[in-house]
Structures are given as structure tokens and as C-alpha cells.
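To start, the structure itself, in C-alpha cells.
As the structure lists them, so they are numbered: ligands from 1, and atoms in each ligand from 1. Bear in mind that the values here come from a model prediction, so they are computed numbers and not experimental data.
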Amino acid sequence: MLNKLADSELVLNDDGSVYHLNLLPEDIANKIILVGDPDRVPKVSKYFDKVEIKKNKREFYTHTGTLRGERITVMSTGIGTENIDIVMNELDALVNIDLKNKEFKTEHTSLELFRMGTCGSVNPDIQVDNMLVTQNVVGLDGLMHFYQDYKFENEFSKHFLANSPYEKIKPMLYFSDWAEDISHYYKDATYLGNTATFPGFYAPQGRQLRLKAIDDKFLETLNDLGVTNFEMETSAIYALSKLLGHKAITVNNVIANRRRGEFSADHHASEKNLINWVLERIIQ
Ligand code: R1P
Ligand code: URA
């Protein structure tokens, strides 16, 4: 059959669930909170009225339940865009592929994806323990170069490409803005910014412990190019949402101000604040 996927391409577990997420279509809601840290999942779902589903495999922990009567899922992605590649493709398969027949469905279902993460700011004026919503994102990890038809250009991307001095990382750049506008949920956010997503936490984000990073001015240079904050997932979430027809928005709690060398004095309290901030807005 024309659209039938081979067993090697769409891999399923013995119970018919998708390979890494270990989920069946009925296990997820259309509104999904994505967090990096698996420990953040129960910290979110403890606010649900009730939790109906708890499943996990590797770093992917999922709780689905209701909050103020609305069905909602919270899932951990682990760290990095290579995990987001798995999360986005398998979430999409759960709603847009008939898993029993391994055929594409004719009706498209669009998910609402809310990344709730942490980041470091490279704008010295952005204060720690505040929420920063990503409007534009630049990916320096290279994932989207493996997908055909990914093209994106806007004022931010044009400015960045025209002015970036980093020849070595230029071939790995790609850009996106929010996949479809679900920014109304977060219209009162303190900061709206341009996020850079990296394939690492240390040298890729300009941190130098015993090894030297690309140069000593990395943070200032990226800030001058318009970047406000650094993290490790949003570029892939925005770009794959765009291609797959889902809606996505990231809010990151700023836990580090890299330019001032400051870290949140109580990042546990700050995380709790982030969770409440998001839940109050996405389920009214
Ligand atoms: C690095 O410590 C991790 O924290 C940030 C980065 O994107 C990376 O995943 O996000 P989370 O707090 O959601 O994991
Ligand atoms: N997450 C990151 O990826 N970088 C930071 O500086 C803080 C959180």
C-alpha cells in the first residue's frame, strides 16, 4: 500500500505503543507540556485534579490527567535536540498515523506543545527567576539539516546570518519562530526573546571550565546579534512543529545570568514559580 510504513521505520513495542515514548494514542492529551528534567513531571502533575496515565521509558516520563476539568499531558524530553527529534516524531505518529495499519491518517490533528524549561540569559539586563518566552530561535545543533524542505527566513535570521563572525558554526545554523501563534497564553510574560539552542551546555554555550570555548567574547557577540538566552531544545521543537503542523511555544525560567555570573539563589522555588505560572495560563 502506498502510505504503509515498514516495521523498521515506525517501530512499535509489543503492546503497539511507539518505540521510545512507550505510549498509545489514548495516553496523550492534545495539550502537552514538555519539560527537560524527568523529575519535573511529578512536580507538574501534582497540581492535576487526577492523573490517569503514568508511563515511562528511558528519560521519557509521561503523566496524563485533567486540570480544572481539561485533559492535559506533561512529558519529559531529557536534554537536547536529538531527543526532541524522537519526541516530536513519535508524538506526531500518535495522532497522525494509524499505528495498527502503519498508514497516514487522512485527517490531521494539531497538538499544542508548551515547553516549560530553564535557560541562561546573555542579555545582562534580563533578571534571573523571570519567565522568558521565545519568539525567534536559532538552532546551532544541526538537526534540521537532515530534514528536506526546512527553509526559514525572517528579520532576525537575516540579521544574524549577515553579521555572525563564526564561520565554523555558520553551516549549522537554522532558524524558526513560533510554529503557529499560541502566544496569547503568555501575553503578560516579562521577557519576549530570541533564543539560541545549542548541542551542549559547556563550550557550546561559551562555558570554560578546563577547556577553552570558541572565543572569550562568545556571549557578548551572540547578544549583539540579537540573542537573549541559551538552552538546548527549542529550535527543534519550533522547527519540527512547523513542518508537522503543530503549535508550539517555549517559556524558559531564567536561572542564570551569564553576563553577570549570577545563578538563581533558590532554583527549586524558581521552578515551582515557573510551573504555577504556566499552569495558570494554559488551563484557565
Ligand atoms: C541543561 O541543564 C538543561 O536545562 C535546560 C536546557 O535546555 C537543558 O535541557 O532545560 P530543562 O530545564 O528543560 O532541561
Ligand atoms: N540551561 C541551559 O542550557 N543553559 C543555562 O545556562 C541554563 C539552563
So Phe175 and Phe160, would you call those rings parallel, tilted or perpendicular, with 30° and 60° as cut-offs? perpendicular

Suppose we measure from atom 14 (O) of ligand 1 to each protein heavy atom; which comes out shortest, and what is that distance? Gly36 CA, 3.3 Å

Answer yes when Glu231 and Arg115 have at least one side-chain N-carboxylate O distance shorter than 4.0 Å, and no when they do not. yes

Ligand-residue contact atoms, ligand 1 with Gly117, heavy atoms, under 4.0 Å: 13 (O)

Filtering Gly117, Cys119, Ser121 for the heavy atom nearest atom 8 (C) of ligand 2 leaves Cys119

Please determine if Lys4 forms a cation-pi arrangement with Phe104, meaning its NZ or CZ atom is less than 6.0 Å from the six-membered ring centre and no more than 45° off the ring axis. no

Within 4.0 Å of some non-hydrogen atom of Glu231, the atoms of ligand 1 are 7 (O)

For atom 13 (O) of ligand 1, what is the nearest protein heavy atom, given as residue, atom name and distance? Arg115 NH1, 2.8 Å

How far is atom 4 (N) of ligand 2 from the closest protein heavy atom, and which atom is that? Gln205 OE1, 2.8 Å

Only heavy atoms of Arg40, strictly under 4.0 Å: list the atoms of ligand 1 that pass. 11 (P), 12 (O), 13 (O)

Would a hydrophobic clustering, with Ile, Leu, Val, Met, Phe, Trp and Tyr connected at side-chain separations under 4.5 Å, put Met232 with Trp178? no

May I ask you to say whether Asp49 pairs ionically with Arg68, meaning some side-chain N is under 4.0 Å from a carboxylate O? no

In this structure, atom 1 (N) of ligand 2 is nearest to the protein heavy atom Thr118 O, 3.7 Å

Quick one: does Arg207 get an N or O within less than 3.5 Å of an N or O on ligand 2? yes

Would you say Gly78 and ligand 1 have an N/O pair spaced under 3.5 Å apart? no

Taking the basic N atoms (NZ, or NE/NH1/NH2) and the acidic carboxylate oxygens, is any pair closer than 4.0 Å for Asp188 and Arg281? yes

Working for side chain to side chain contact (heavy atoms under 4.5 Å, CB included), residues Lys272 and Asn276: CA-CA 6 Å; Lys272 191 171 172 199; Asn276 284 305; 3.9 Å; yes

Atom 4 (O) of ligand 1 [closest protein heavy-atom partner, distance rounded to 0.1 Å]: Thr118 OG1, 3.3 Å

Nearest protein heavy atom with distance in Å, relative to atom 1 (C) of ligand 1: Phe201 CD1, 3.8 Å

Which option wins on minimum heavy-atom distance to atom 7 (O) of ligand 1: Glu233, Glu271, His267? Glu233

Taking NZ, NE, NH1 and NH2 as the nitrogens, is one of them in Lys43 or Asp37 under 4.0 Å from a carboxylate oxygen of the other? no

